[in-house]
Amino acid sequence: MRALCWEGVGKLAVRDVPEPRIRAEGDIIVRVRASSVCGSDLHLINGYLPAMREGDILGHEFMGEVVETGPGVRRHRVGDRVVVGSVVACGGCWYCRTEQYSLCDNSNPQPVFTEKLWGHAAAGILGYSHAAGGYAGSHAEYIRVPFGDIGAFAVPEGVPDDSVVFASDAMPTGWMAADFCGLTGGEVVAVWGAGGVGQMAARSAQLLGAERVIMIDRFPDRLATAAERIGVETINYAETDVLEALRELTAGRGPDACIEAVGMESHDVGPTYAYDRVKQAARLQTDRPTSVRQAIMACRKGGTVSIVGVYAGLVDKFPLGAAMNKALVLRMGQMHAQRYIPMLLDRLAAGEIEPGYLATHPLSLDEGVHGYELFEKKEDGCLRSVLHP
Amino acid sequence: MTNNGTRWALLGVTAATAVGVGRAVARRRHRHQPQRQDGWYVVRRAVTVDRPRDEVIGFWADRERRDRALAGWATLRQLDERRWRCVARDRAAGETQWQAEITVEEAGTLHWRVEDGPMPQLGRIELAEAPQGRGTEIRAEMRYRSGPLRRLVGLVGGDEPDLALRDALRRAKALVECGQVLDTRDDPSGRSRAQEKRTDRMRETLMTGGRA
């Protein structure tokens, strides 16, 4: 079969690779119908998340059709149209039992690296480096999904592939970001990053009761899309001082909750950003925490900072004093896909969330390398390239 | 005079640094060394399984489930009412095999002895109830005879008994909780055979040892 493989830092290629096989009773094989690029793939491609190996198949946000099931699979049959959560979860450990699926104890078969880096290993993730288990990814014609009964969900009739594909990752990540904020109604929420996850977080915050959502980015087309599609207020940080603008927009209070949906390669303007670039290039810090710093400084006293942008290791100049003295609540994590996907599919079918507009560039698998170029350089108004093997 | 003073100051700083670094290294080494008793290395490792004690015992007593779970890496044969023989195959350590005799002392307590392994080894496992309804703690204590150099070679090569114990506990937890030990070694990739071999070696490093 054909698959989009990582060939070294900054290098991708479409290759012929063997087809996956059922390896365990709970496995299913899915013929991929739509597989989206994701901002966190860029960290892998550019060598910021470690433990990638030449030949690894990328892709973790996808949907498709079940073509084979292991003998232990009960919920799915051949021919089912399914969307699959990016996070692999066993369904049997304490974390899965308490719906904290991205912390699954048993789904990362190669846990030693992250145990050393983080103290404990988190769950495995499909197509997400050997630190996350070494699973083959979804930018391929077929993919093996372990624990198919836990990780795959039947897609409601009538919801298009290029819409439901985002129920795999961007929607649950965005929902979890808003869920972390503990919204009770009437809050002002600021969201850093107007990509797919940021826009889903903004919509989720609205559905959970936020009165106003303010999005921060530097790309006018992304901000315009968010304003038009979701009805948010926007700040372009390349033109405006974000902290001052947020103070003004909230009459001095600061946002009640700040969602960071950018991650370890965040951008900014000014000398601090240059300093972060140099430190990251010299590997003196692994991640650039620019937008986390801003979120902490901007957040109102006693508010919540919710981090769903991906970070891997160490950051510098983290304003812990501000977080401590303002009594902020910091919440963060990889999304618990299996907890949120069923509810999100219902909302998708009911039209409450419509993420299909994120798929600005539907492409064939063979155009995958171009798809990532468009996505990384934000060319041609690209929000997401979605590959159709 | 100034030169002499500078020399003495440099010497003092160097000596203080050397003593400080030496002590820090020694302390770290001491913290990471297993305990030694009468020529044995003694290690204690534990893992928490999210199942009640009876269910953990029941899993290993259910022959069909157990054999299905162990297929591919170990076989268990009952010798008499209390004694079992375990033959394990370790794919990560180049398909090596080892045999152990396991004796059940009482429900939830057993000990084992490796007879034909590269170094004498014996151990004991006890099951204890975890707090807050978090299931069962599997607590293992293992003794093995080895020397510092042999232990170092084993740690580097990935076939040291302490690493194997941690692997075994993690596998036992996974088998009881979800019925399988995941493995991505045969997932598709765009690698050549030589690249795949190198990647498998890296996988083995990432699969071996770590927290129990």
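Letters A, B, ... are given to chains in the order of the sequence lines, protein chains preceding strands, and every chain is numbered from 1.
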Q: Give a yes or no on this: more than 12 heavy atoms of other residues, nucleotides or ligands lie within 6.0 Å of atom CZ of A/R21.
A: no
Q: Chain A: which of B/P188, B/G190, B/G135 shares the most heavy-atom pairs with it under 4.5 Å?
A: B/P188
Q: Using atom types as modelled and distance alone, determine if a side-chain donor or acceptor of A/R15 lies under 3.5 Å from a backbone N or O of B/R191.
A: no
Q: Of B/E177, B/R170, B/Q180, B/K173, which is the lone residue that meets side chain to side chain donor-acceptor pair (under 3.5 Å) with A/N106?
A: B/E177
Q: Heavy-atom distances under 4.5 Å only: say whether B/T205 touches chain A with side chain, backbone, both or neither.
A: backbone
Q: More than 12 non-hydrogen atoms from neighbouring residues, nucleotides or ligands closer than 6.0 Å to CZ on A/R81, yes or no?
A: yes
Q: Which bit of A/R53 comes within less than 4.5 Å of chain B, counting heavy atoms only: side chain, backbone, both or neither?
A: both
Q: Under 6.0 Å from the CZ atom of B/R113, do we count more than 12 heavy atoms belonging to anything else shown?
A: no
Q: Which of the residues A/A131, A/G91, A/C5, A/P18 is involved in the greatest number of heavy-atom pairs with chain B at under 4.5 angstrom?
A: A/P18
Q: Counting C-beta onward and ignoring hydrogens, is there a side-chain heavy-atom pair between A/E54 and B/T199 closer than 4.5 Å?
A: no
Q: More than 12 heavy atoms of other residues, nucleotides or ligands under 6.0 Å from CD of A/E19: yes or no?
A: yes
Q: Are there more than 12 heavy atoms of other residues, nucleotides or ligands under 6.0 Å from atom CZ of B/R85?
A: yes
Q: Out of A/D16, A/I150, A/V88, A/D105, which one racks up the most heavy-atom pairs below 4.5 Å with chain B?
A: A/D105
Q: Between chain B and each of A/G133, A/G72, A/A3, count heavy-atom pairs under 4.5 Å; write down the option with the most.
A: A/G133
Q: Tell me whether B/T184 contacts the main-chain N or O of A/Y135 through its side chain, where contact means a donor paired with an acceptor under 3.5 Å.
A: no
Q: Walk me through it: do A/F147 and B/L182 pass the test side chain to side chain contact (heavy atoms under 4.5 Å, CB included)?
A: CA-CA 10 Å; A/F147 305 112; B/L182 282 168; 3.5 Å; yes
Q: Please classify the contact between A/P146 and chain B as side chain, backbone, both or neither, with a heavy-atom cut-off of under 4.5 Å.
A: side chain
Q: Walk me through it: do A/V112 and B/M207 pass the test side chain to side chain contact (heavy atoms under 4.5 Å, CB included)?
A: CA-CA 6 Å; A/V112 174; B/M207 290 164 75; 5.9 Å; no
Q: How close do A/R23 and B/D187 get, counting heavy atoms only, and between which atoms?
A: NH1-N, 4.4 Å
Q: Please classify the contact between A/T114 and chain B as side chain, backbone, both or neither, with a heavy-atom cut-off of under 4.5 Å.
A: neither
Q: So which of A/G92, A/A140, A/C96 has the largest heavy-atom pair count under 4.5 angstrom toward chain B?
A: A/G92
Q: Under 4.5 Å heavy-atom distance to chain A, tell me which part of B/R198 shows up: side chain, backbone, both or neither.
A: both
Q: Could you tell me which non-hydrogen atom of B/L206 sits nearest to which non-hydrogen atom of A/F113, and how far apart they are?
A: CD2-CB, 3.4 Å
Q: If you count heavy-atom pairs under 4.5 Å between each of B/R134, B/R51, B/E196, B/Q195 and chain A, which one has the most?
A: B/R134
